[in-house]
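Just so you know, these numbers use all the heavy atoms, side chains as well, and skip hydrogens, waters and symmetry mates.
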Amino acid sequence: MEEQIKAMRQKIEAAAAAITDSKEMYQLRKQYLDNKAGQISALMKNMRDLAPEERPAFGKIVNELKTWALDFFTAQDARLKAAELAKKNAAEQIDVTMPAPVRSCGALHPNTLIANELIGIFSGMGFEIYEGPEIETDYYNFTALNTPQDHPARDMQDTFYVSPELLLRTQTSSGQIRYMKGDDKTPKHEPPIKILSPGKVFRSDDDATHSPMFSQMEGLVVDKGITLCDLQGMLDEFARNVFGEGVKTRLRPSYFPFTEPSVEVDVSCFECGGKGCRLCKDTGWIEVLGAGMVNRKVLENCGIDPDVYTGFAFGMGIERIAMLKYGIPNIKMLFESDVRVLSQFHE
Ligand code: DAH
């Protein structure tokens with residue numbers, strides 16, 4: 001009998017030695033200690049078959065085995081669970097002194113930076129923002145701006161027509177008409193008028209400095225007694241703010257159907273201070289925008305009396321300003337979404 005018990009102990013020890021998982025150990029424990037099906041419990045049941053005088057000795061041995069097994073499995077369980085916890089802790093360990101992964105922070109597009117800067121400057125001078133639609137009628141984009149059908153000035157702007165009446169606007173100047181005359185969404189506005197109209201415009205143009213889609217910023221001021229001097233004063237303020245103190249403006253005669261007289265506006269070269277360099281092509285001046293006194297016909301088209309009111313208007317290309325200010329050589333770089341380029345510009 002003692003032999004049998006000893007063999008069972010050894011069997012338990014050998015089986016336990018091969019186990020590395022606490023759940024498996026629990027199954028082994030059940031094999032021996034389960035009240036109903038356990039092998040040690042079964043031994044107890046064998047007691048019935050023994051002679052009454054043999055029973056106390058047998059009971060004692062089996063009880064000792066049971067006590068030993070209980071302690072043994074408790075110890076095994078503790079050992080395995082400790083090992084398992086140690087493994088889990090090791091796997092979940094973090095080094096709080098490790099540098100955190102760098103979170104790259106997005107930035108505004110150079111076009112947006114310039115547009116915001118211009119809006120800031122002009123709203124500081126009292127301009128209100130008005131945005132017109134990108135799909136425009138022939139009337140608002142051309143006819144009302146004193147550029148009727150077959151007017152040669154239409155050739156200055158290669159136009160994408162959607163239908164004979166509808167087109168992708170070629171200039172934000174259409175916003176002047178929508179604001180002054182009104183449309184289905186905009187009420188008619190009477191002077192004093194002082195608006196800034198930013199937005200995308202479209203022309204069938206494509207080279208290093210022209211893109212089929214680009215952005216403009218239009219300005220319009222109409223009131224009693226507005227003169228070209230008011231325009232130049234405002235432009236000086238704009239040039240100083242955008243290109244730096246000491247930058248001067250110069251007006252050159254030009255032609256736009258919706259202004260009379262019309263001018264091209266140059267700023268003195270902010271790179272060389274006017275001495276002549278690569279940026280200003282050795283002229284000392286850089287062309288930045290078109291402007292002029294609002295043509296009488298445009299005011300009449302909008303129901304504003306040109307004998308009482310006068311006004312000036314201007315329009316500039318945002319990409320052009322961005323390219324000049326940031327030294328971007330090709331307009332396409334602004335539309336390629338290359339982060340190596342875009343991440344260089346910050347407010
Ligand atoms: N609309 C003109 C263009 O796209 C720019 C322009 C010139 C706007 C003179 C004006 C202006 O308001 O007065 O070429």
Side-chain angles (χ1 to χ4, degrees), residues 107-122 127 129-138 140-142 145 147 153-162 166-179 195-220 235 238-239 242-243 254-259 262-267 279-281 286-292 313-339 341-342 344-345:
L108 293 177
H109 189 277
N111 266 4
T112 310
L113 291 175
I114 295 291
N116 287 351
E117 185 179 347
L118 295 174
I119 288 170
I121 293 167
F122 285 105
F127 283 74
I129 305 296
Y130 170 77
E131 284 179 277
E134 288 170 12
I135 295 180
E136 191 47 284
T137 63
D138 185 275
Y140 284 112
N141 194 84
F142 286 128
L145 283 161
T147 320
R154 286 206 181 193
D155 284 353
M156 290 157 76
Q157 304 182 355
D158 271 335
T159 310
F160 292 113
Y161 281 89
V162 178
L166 285 178
L167 46 82
L168 301 186
R169 69 174 172 197
T170 57
Q171 49 188 355
T172 44
S173 307
S174 48
Q176 294 185 26
I177 310 296
R178 284 190 177 267
Y179 189 85
I195 55 159
L196 193 66
S197 194
K200 294 190 183 75
V201 297
F202 307 85
R203 289 182 204 179
S204 183
D205 259 351
D206 209 357
D207 61 33
T209 52
H210 296 89
S211 152
M213 187 281 296
F214 62 107
S215 326
Q216 283 189 336
M217 185 78 76
E218 188 85 12
L220 172 71
L235 288 170
F238 147 81
V242 176
F243 298 109
S254 184
Y255 173 77
F256 299 102
F258 35 85
T259 42
S262 302
V263 293
E264 295 290 349
V265 180
D266 298 339
V267 295
L279 183 68
C280 60
K281 300 192 187 86
I286 300 170
E287 185 183 318
V288 287
L289 57 97
F314 59 91
M316 66 184 102
I318 309 257
E319 286 79 3
R320 180 163 169 74
I321 308 280
M323 289 165 76
L324 284 171
K325 190 161 168 168
Y326 296 130
I328 299 170
N330 190 314
I331 193 169
K332 301 297 183 304
M333 294 172 91
L334 289 169
F335 303 122
E336 284 167 347
S337 300
D338 185 337
V339 284
V341 174
L342 299 182
Q344 297 177 51
F345 310 105

### Message
Within the structure provided, determine whether Ile114 and Tyr326 are in side-chain contact (heavy-atom separation under 4.5 Å).
### Response
yes

### Query
Side chains of Asp138 and Leu167: does their closest heavy-atom pair fall under 4.5 Å?
yes

### Query
When Thr170 is tested against each of Thr159, Asn141, Asp205 for side-chain hydrogen bond (donor to acceptor under 3.5 Å, both in side chains), which residue passes?
Asn141

### Message
According to salt bridge (charged side-chain N to carboxylate O under 4.0 Å, His left out), who are the partners of Arg169, at least two apart in sequence or on a separate chain?
### Response
none

### Query
Would you say Glu218's side chain and Ser173's backbone share a donor-acceptor pair under 3.5 angstrom?
yes

#### Entry: Other residues, nucleotides, ligands: >12 heavy atoms within 6.0 Å of Ile129 CD1
yes

### Spacing of CD belonging to Glu117 relative to CD1 belonging to Ile321, to within rounding of 0.5 Å
9.5 Å

#### Entry: Over all atoms of both residues, closest heavy-atom pair of Gln176 and Ala313
NE2-CB, 3.4 Å

### Query
Where do Ser254 and Glu264 come nearest, in terms of heavy atoms and distance?
OG-OE2, 3.1 Å

#### Entry: Test side chain to side chain donor-acceptor pair (under 3.5 Å) applied to Asp207 - qualifying residues, sequence neighbours left out
Thr209, His210

### Task
Decide yes or no for Pro212 and Phe202: does some side-chain heavy atom of the first lie under 4.5 Å from some side-chain heavy atom of the second?
no

### Query
What are the two closest non-hydrogen atoms of Ile328 and Leu334, and how far apart are they?
CD1-CD2, 3.7 Å

### Task
Would you check if the side chain of Lys325 reaches a backbone N or O of Val242 as a donor-acceptor pair within less than 3.5 Å?
yes

### Query
If you take all heavy atoms of Leu342 and Ser337, which pair is closest and at what distance?
CD1-CA, 3.8 Å

### Message
Could you work out, with ring-ring contact (aromatic ring centres under 6.0 Å, His included) as the rule, every residue matching Phe122, not counting sequence neighbours?
### Response
Phe127, Phe238, Phe314

### Donor-acceptor under 3.5 Å (Ser262 side chain, Phe256 main chain)
yes

### Query
Going through the distances and angles, do Lys332 and Asp206 end up as a salt bridge (charged side-chain N to carboxylate O under 4.0 Å, His left out)?
CA-CA 9 Å; Lys332 301 297 183 304; Asp206 209 357; 2.8 Å; yes

### Query
Out of curiosity, Tyr130 OH to Leu196 CG, how far, rounded to the nearest 0.5 Å?
13.5 Å

### Message
Do Leu279 and Ile286 have side chains that approach each other closer than 4.5 Å (heavy atoms only, starting at C-beta)?
### Response
yes

#### Entry: Any Gln157 side-chain heavy atom under 4.5 Å of Phe142 side chain
yes

### Task
Rounded to the nearest 0.5 Å, what's the gap from CZ on Phe258 to OG on Ser174? Could you check?
10.0 Å

#### Entry: Intermediate values then yes/no, salt bridge (charged side-chain N to carboxylate O under 4.0 Å, His left out), Arg178 and Glu136
CA-CA 10 Å; Arg178 284 190 177 267; Glu136 191 47 284; 2.6 Å; yes

### Summary
Sorted by chain and residue number, the salt bridge (charged side-chain N to carboxylate O under 4.0 Å, His left out) partners of Glu131 (sequence neighbours excluded) come out as none

### Message
Run the ring-ring contact (aromatic ring centres under 6.0 Å, His included) test against Phe243 and tell me which residues pass, sequence neighbours left out.
### Response
Phe270

### Asp158: partners by side chain to side chain donor-acceptor pair (under 3.5 Å), with sequence neighbours left out
none

### Query
Any sub-3.5 Å donor-acceptor pair from Glu319's side-chain atoms to Ser215's backbone N or O?
yes

### Query
For Asn111 and Ile318, which heavy atoms make the closest approach, and how far apart are they?
O-CG2, 3.6 Å

### Task
Would you check if the side chain of Gln216 reaches a backbone N or O of Thr172 as a donor-acceptor pair within less than 3.5 Å?
yes

### Task
Compare all side-chain heavy atoms of Leu168 with those of Met213 and state whether any distance is below 4.5 angstrom.
no

### Query
Any idea which heavy atoms bring Ser197 and Gly175 closest together, and the distance?
OG-CA, 4.4 Å

### Task
Taking the side chain as every heavy atom from C-beta outward, state whether Met323 and Ile331 have any pair of such atoms under 4.5 Å apart.
yes

### Donor-acceptor under 3.5 Å (Arg203 side chain, Phe214 main chain)
no

### Query
Any donor-acceptor pair under 3.5 Å linking the side chain of Thr112 with the backbone of Pro110?
no

### Message
For a 4.5 angstrom cut-off between non-hydrogen side-chain atoms, does Leu235 reach Leu289?
### Response
yes

